[in-house]
Amino acid sequence: MRLRRLARRTAPYAPQAASPHLEVIEGGRNELVARSGADPFRTERRLRWRDHFSLSENVFFLRHMHAEHDGLRVAQLSDVHVGQATSAIRIRRAVEAVNAEAPDMVFLTGDYVTHSPKPLPRVRELLAGLKGPVFVVLGNHDHWVDGPYIREGFERLGYTVLQNEHRVVHVKGAPVTVLGIDDGRTGRDDVEATFRGAPESGTRLVLTHAPPTVDKLPAHAGLVQFSGHTHGGQFVVRGLTEAIFRRAGQPYISGHYHVNGNQLYVNRGLGFGFGGPYLRRGSEPEVAFFTLRKDTAATAS
């Protein structure tokens, strides 16, 4: 697949111990060279460092999942931060990378802007064209800038925005329950409202911007939560970064965690890195892909 030449396909940094329920597929370094053909954002074929991002491949093993969903593919983009914090080329290349993989579902997990309302119209422009069912939750920066505007923009693209609500969508012949919890950083997360009336079994996937919301989920429910917010630590100094984040109430920084019988993935985010005004070290911008597998051994036991 030619798009994989855009970036490294790597495993995300994860400070926690390796898990038997997660398999990470690692790949080698690839050249930062664009696809052949016209590029509406940049005519040169060679990408600059500020346009760079990495692709991560993850395999999750789930007990409570419909058998038909064994092999279900999910893509996640998070913390895009449209504006000077993120290269527009990087965002469009990320959209192309997601579409090239043809996932069954696409999740967007918040912070599409930063502080200024000026980039608001470009959010819809740069994130348009994602194929397949696309589900969206908002982040703290979205609410600080203009949450209703961002929601309306995504809905005009045909994407489903969830704020403490759920949707059931049929994928690969069986229902998937997508539970979208609003942002916990701004105190808008309402887990009870999100789960009210939702199926209590089967394939259930949770989207929410702030990782600590995982502590509020029903325990031992076999859920998977997809989050962002932390930028993978942004400027990673081993030991120090983890301590600072824990002190700030953010114990989940990057990668895969087991929490109270559920699973959590914290995306490193696409924005705030390389070439912008914000320093980023040890945490490459990420587009994450997931393959969900039925954990037959756990089910049998």
**Report entry** side-chain contact (heavy atoms from CB on, under 4.5 Å) between Glu57 and Glu101, worked out
**Finding:** CA-CA 11 Å; Glu57 281 281 3; Glu101 290 286 335; 4.2 Å; yes
Requested in this report: Could you pull out the closest heavy-atom pair between Ala88 and Arg122, with the gap in Å?
Outcome: CB-NH1, 4.1 Å
Requested in this report: Heavy atoms only: give me the nearest Ser116-Val145 pair and the separation to one decimal.
Outcome: O-CG1, 3.9 Å
Query raised in the report: Less than 4.5 Å apart, any side-chain heavy atom of Val178 and any of Leu162?
Result: yes
Report task. Enter the distance from Leu108:CG to Asn267:CG here, rounded to the nearest 0.5 Å. Result -> 10.5 Å
Query raised in the report: Are Leu223 and Val168 connected, step by step, through hydrophobic side chains (Ile, Leu, Val, Met, Phe, Trp, Tyr) whose heavy atoms are closer than 4.5 Å?
Result: no
Requested in this report: Report yes or no: does Gln263 contribute a side-chain atom to a donor-acceptor pair with the main-chain N or O of Phe61 at less than 3.5 Å?
Outcome: yes
Requested in this report: Please test Val113 against Trp144 for side-chain contact (heavy atoms from CB on, under 4.5 Å), starting from the C-alpha separation and ending with a verdict.
Outcome: CA-CA 9 Å; Val113 291; Trp144 289 337; over 6 Å; no
Query raised in the report: Charged N to carboxylate O under 4.0 angstrom, Asp70 versus Arg293?
Result: yes
Query raised in the report: When you look at Tyr159 and Leu130, which way does the side-chain contact (heavy atoms from CB on, under 4.5 Å) test go after all the steps?
Result: CA-CA 9 Å; Tyr159 302 169; Leu130 287 165; 3.4 Å; yes
Query raised in the report: Would you call Ser201 and His64 a side-chain contact if the rule is heavy atoms closer than 4.5 Å?
Result: no
**Report entry** Under 3.5 Å donor-acceptor, Thr177 side chain and Arg204 backbone
**Finding:** no
Report task. May I ask you to check whether Ser54 and Arg268 show a side-chain donor-acceptor distance below 3.5 Å? Result -> yes
Query - Point-to-point distance, once rounded to the nearest 0.5 Å, from OG1 of Thr203 to CE of Met105 - result: 9.5 Å
Query raised in the report: Just by distance, do the side chain of Asp79 and the backbone of Gly269 share a donor-acceptor pair under 3.5 Å?
Result: no
Report summary line: Shortest non-hydrogen pair, Asn99 vs Gly129, comes out as ND2-O, 3.0 Å
Query - Rounded distance (nearest 0.5 Å) linking atom CG of Leu77 with atom OG1 of Thr109 - result: 8.0 Å
Query - Passing candidate, side chain to side chain contact (heavy atoms under 4.5 Å, CB included) with Leu292, options His69, Arg73, His66, Met65 - result: Met65
Query raised in the report: Any side-chain donor-acceptor pair under 3.5 Å between Thr213 and Asp189?
Result: yes
Requested in this report: Give the minimum heavy-atom separation between Gly180 and Val137, together with the two atoms involved.
Outcome: CA-CG1, 3.8 Å
Query raised in the report: Does the side chain of His209 pick up a donor-acceptor pair with the side chain of Asp111 at under 3.5 Å?
Result: yes
Requested in this report: Specify whether Tyr265 and Phe60 have parallel, tilted or perpendicular ring planes, treating 30° as the upper limit for parallel and 60° as the lower limit for perpendicular.
Outcome: tilted
Query raised in the report: What are the two closest non-hydrogen atoms of Pro121 and Lys118, and how far apart are they?
Result: CD-O, 3.3 Å
Query raised in the report: Are Leu72 and Val171 close enough that some pair of their side-chain heavy atoms sits under 4.5 Å apart?
Result: yes
Requested in this report: Check whether any side-chain N or O of His166 sits under 3.5 Å from a backbone N or O of Phe195 as a donor-acceptor pair, and report yes or no.
Outcome: no
Requested in this report: Would you indicate whether the side-chain heavy atoms of Val74 and Phe289 approach each other to under 4.5 Å?
Outcome: no
**Report entry** Nearest heavy atoms of Gly184 and Ala210, plus distance in Å
**Finding:** N-CB, 4.2 Å
Query raised in the report: Taking atom NZ of Lys294 and atom CD of Glu68, what is their separation to the nearest 0.5 Å?
Result: 9.5 Å
**Report entry** pair Val176-Leu205: side-chain heavy atoms closer than 4.5 Å
**Finding:** yes
**Report entry** Separation between CG of Asn262 and CD of Gln225, rounded to the nearest 0.5 Å
**Finding:** 8.5 Å
Query raised in the report: Any donor and acceptor pair, going by atom type alone, linking the side chain of Arg63 with main-chain N or O of Gly222 inside 3.5 Å?
Result: no
Report task. State, without any angle test, whether His256 and Asn58 hold a side-chain donor-acceptor pair at a distance under 3.5 Å. Result -> no
Query - Point-to-point distance, once rounded to the nearest 0.5 Å, from OG of Ser56 to CZ of Phe290 - result: 6.0 Å
Query raised in the report: Are Arg151 and Glu165 close enough for a salt bridge, meaning some N to O gap below 4.0 Å?
Result: yes
Requested in this report: Taking the side chain as every heavy atom from C-beta outward, state whether Val98 and Val106 have any pair of such atoms under 4.5 Å apart.
Outcome: yes
Requested in this report: Starting from the C-alpha separation in whole Å, work towards a yes-or-no answer on side-chain hydrogen bond (donor to acceptor under 3.5 Å, both in side chains) for His81 and Thr114.
Outcome: CA-CA 6 Å; His81 287 284; Thr114 306; 2.9 Å; yes
Query raised in the report: Does Asp142 use its side chain to pair, donor to acceptor, with the backbone of Tyr112 at less than 3.5 Å?
Result: yes
Report task. Check the pair Val224, Val206 against side-chain contact (heavy atoms from CB on, under 4.5 Å), reporting the backbone distance first and the verdict last. Result -> CA-CA 6 Å; Val224 180; Val206 177; over 6 Å; no
Query raised in the report: Taking atom types as modelled and ignoring hydrogens, do the side chains of Asn260 and His220 form a donor-acceptor contact shorter than 3.5 angstrom?
Result: no
Query raised in the report: Are the side chains of Arg188 and Thr186 in touch, meaning some heavy atoms are under 4.5 Å apart?
Result: yes
**Report entry** Side-chain donor/acceptor of Asn164 to backbone N/O of Asp190, under 3.5 Å
**Finding:** yes
Query raised in the report: So, Gln76 side chain and Ser227 main chain: donor-acceptor pair closer than 3.5 Å or not?
Result: yes
Requested in this report: Kindly indicate whether the side chain of Glu286, heavy atoms from C-beta on, has any atom under 4.5 Å from the side chain of Phe53.
Outcome: no
